[in-house]
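Shown next, in structure tokens, is the structure this report addresses.
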Amino acid sequence: MKAIVKPTRELNGEINSLSSKNYTTRYLLAAALSEGTSTIYYPAHSEDSDAMRRCIQDLGAQMQEDHEKIVITGFGKLPSQVKELNVGNAGAVLRFLMSTAALCPEVTFVNTYPESLGKRPHDDLIHALEQMNIKVEHQNGKLPIKICGGNPKGGKIQVSGDVSSQFLSSLLFLTPLLEEDSEIEVLHDLKSKVVVGQTLDVLKQAGIQIETSDDLMFYKIPGNQKYLPQKYVVEGDYPGSAAILAAAAVTNSNVQMLRLMEDSKQGEKAAVDVLKQMGVSLTYNQSTLTIHGNHTLRAGEFDGDHFTDAVLALVAAAVFAEGSSRFYNVENLRYKECDRITDFCSELKKAGANVEERQSEIIVHGQPNGVEGGVEINAHYDHRVIMALTVVGLRSKKGLIIRDAQHVAKSYPQFFEHIQSLGAKVQLQED
Ligand SMILES: O=C(O)C1=C[C@@H](OP(=O)(O)O)[C@@H](O)[C@H](O)C1
Ligand SMILES: C=C(OP(=O)(O)O)C(=O)O
């Protein structure tokens with residue numbers, strides 16, 4: 001599918017924000033690891049969250065879903081002896097389930113996106129699993145990956161956190177179920193630290209006890225715990241909504257976004273502060289966020305590790321700011337659906353943006369008069385590239401054509417419908 005994005009000066013209206021992908025994947029897994037019946041209200045529907053649904057069902061979770069909730073009876077620590085799992089292109093789902101799969105004798109994660117997830121590294125998690133009596137067969141740390149488990153053991157575990165926080169989150173889900181107590185030490189750095197807070201939040205709601213150091217680098221996890229069956233309510237999604245906010249920030253706009261909690265633990269909530277710092281007016285009234293864009297943005301310097309999945313959308317906004325912006329501490333964007341520094345910058349340059357890349361930074365020289373556009377963009381299998389380039393296209397002179405725009409469904413299938421409903425001139429065309 002192609003998205004033909006035309007220059008658009010105004011966006012107005014109200015959007016019922018999509019449900020949080022990161023909370024949905026976590027609640028689904030916590031429900032599956034419980035032996036009782038849990039209910040999740042307003043779960044997200046996207047390729048990634050559907051991948052988690054499908055895999056936990058393959059592992060033996062029973063589920064029934066209607067338009068508002070999903071009722072799940074979990075398998076506890078005794079999943080079905082499934083041989084193969086397909087996570088699609090979902091990194092978090094793969095990494096979280098690599099630990100869960102160790103409760104089965106032998107599970108192979110297949111490689112269905114060789115050009116995207118197939119290129120992402122999982123070595124750090126593999127090394128941690130190997131310390132737990134789990135044998136892992138892999139292709140240089142990449143898919144396909146076979147987990148030979150059956151009898152995983154807790155104890156002292158070290159895991160590196162400088163490529164992805166998902167490896168640590170994965171271990172935090174499995175270790176409470178093991179017979180032995182565990183201690184997890186995070187080596188090097190911990191990137192995307194904020195999202196570990198969401199893991200701990202969900203584990204706490206599921207009745208799991210974990211002692212955590214203040215810097216989130218050390219954990220004590222008692223063994224023999226049980227996930228309690230629970231009622232969970234999924235809040236709105238900041239990473240996806242950040243793209244709508246960026247679109248509103250680069251146009252003349254008056255947009256309300258419903259269901260975005262002001263006290264959310266999602267790191268990408270920082271998109272609100274970043275845009276405020278760039279001079280955009282944003283206000284909350286309970287959980288409705290109103291944004292007024294007036295076509296004017298100021299540049300700034302931002303530590304992108306605090307809002308990993310919103311960096312691309314905010315870089316897109318900075319493309320139109322007065323002055324030069326710097327998004328630093330973002331090296332791990334290189335290990336996502338594509339290389340979100342090199343690949344993203346090359347698409348931005350095609351569109352006419354003035355950007356520079358460093359190993360762990362994106363520098364944007366703003367062009368308040370807009371970029372040229374008039375070119376075709378390669379999506380690189382990346383939903384966040386698609387959304388960010390849509391933002392750029394709205395304020396380009398000749399528009400943009402985004403190829404393979406169907407990949408937006410990885411996290412936000414309604415993105416184009418939502419932005420069209422605000423008045424964005426976007427046409428979708430099947431190939
Ligand atoms: O734990 C999670 O659900 C996620 C963690 C982050 O990944 P990294 O820790 O690899 O940065 C984020 O980018 C991803 O979209 C979801
Ligand atoms: C990187 C992302 O997801 P994942 O790592 O789960 O594939 C994302 O949603 O932007």
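Reckoned from all heavy atoms, side chains included, excluding hydrogens, waters and symmetry mates. No experiment lies behind these values; they were computed from the predicted model shown. Each ligand, and each atom within it, is numbered from 1 in the order the structure gives.
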* Asked: Under a 4.0 Å heavy-atom limit, does Ser165 contact ligand 1 with its side chain, its backbone, both, or neither?
  ->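 For Ser165, backbone and side-chain atoms both sit under 4.0 Å from ligand 1.
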
* **Residue part near ligand 1, for Phe96, under 4.0 Å between non-hydrogen atoms** =>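 Near ligand 1, Phe96 shows its side chain, while the N, CA, C and O stay back.
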
Residue, atom name and distance, where the atom is the protein heavy atom closest to [atom]:
{"atom": "atom 3 (O) of ligand 2", "value": "Lys21 NZ, 3.2 Å"}
{"atom": "atom 1 (C) of ligand 2", "value": "Glu337 OE1, 3.2 Å"}
{"atom": "atom 10 (O) of ligand 2", "value": "Arg384 NE, 2.6 Å"}
{"atom": "atom 15 (O) of ligand 1", "value": "Asp309 OD2, 2.5 Å"}
{"atom": "atom 6 (O) of ligand 2", "value": "Ala92 N, 2.8 Å"}
{"atom": "atom 5 (C) of ligand 1", "value": "Gln166 NE2, 3.4 Å"}
{"atom": "atom 3 (O) of ligand 1", "value": "Arg26 NH1, 2.8 Å"}
{"atom": "atom 10 (O) of ligand 1", "value": "Ser164 OG, 2.6 Å"}

N or O contact, [X] vs ligand 2, cut-off under 3.5 Å:
{"X": "Gln166", "answer": "yes"}
{"X": "Val93", "answer": "no"}
{"X": "Arg95", "answer": "no"}

* Asked: So is Asn332 close enough to ligand 1, meaning a heavy atom under 4.0 angstrom away?
  ->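 Heavy atoms of Asn332 do come under 4.0 Å of ligand 1.
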
* To do: Check each heavy atom of Met52 against ligand 2 and say whether those closer than 4.0 Å belong to the side chain, the backbone, both or neither.
  =>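 No part of Met52 is near ligand 2 at this cut-off.
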
* To do: Pull out every atom of ligand 1 sitting under 4.0 Å from any heavy atom of Asn22, numbered as shown with elements.
  =>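 Under 4.0 Å from Asn22, ligand 1 has these atoms: 3 (O), 16 (C).
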
* Asked: Looking at Lys336, which atoms of ligand 1 are within less than 4.0 Å of one of its heavy atoms?
  ->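 In order of numbering, the contacting atoms are 6 (C), 7 (O), 8 (P), 10 (O), 11 (O), 12 (C), 13 (O).
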
* Do His418 and Tyr412 have ring centroids that are under 6.0 Å from one another? ->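 Under 6.0 Å, so yes.
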
* **Mutual orientation of the aromatic rings belonging to Phe327 and Phe302 [parallel < 30°, tilted 30-60°, perpendicular > 60°]** =>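 Plane angle between 30° and 60°, so tilted.
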
* Report the C-alpha separation of Thr175 and Ser182 in whole Å, then their side-chain angles, then the decisive distance to 0.1 Å, and conclude whether the side chain to side chain donor-acceptor pair (under 3.5 Å) test is met. => CA-CA 7 Å; Thr175 43; Ser182 298; 4.9 Å; no

* Below 3.5 angstrom, do we get any N/O pair linking Thr25 and ligand 1? ->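 No - when backbone and side-chain N and O of Thr25 are compared with those of ligand 1, no distance drops under 3.5 Å.
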
* Asked: Going by heavy atoms, is Met387 under 4.0 Å from ligand 2?
  ->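 Per 4.0 Å heavy-atom rule, Met387 does not contact ligand 2.
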
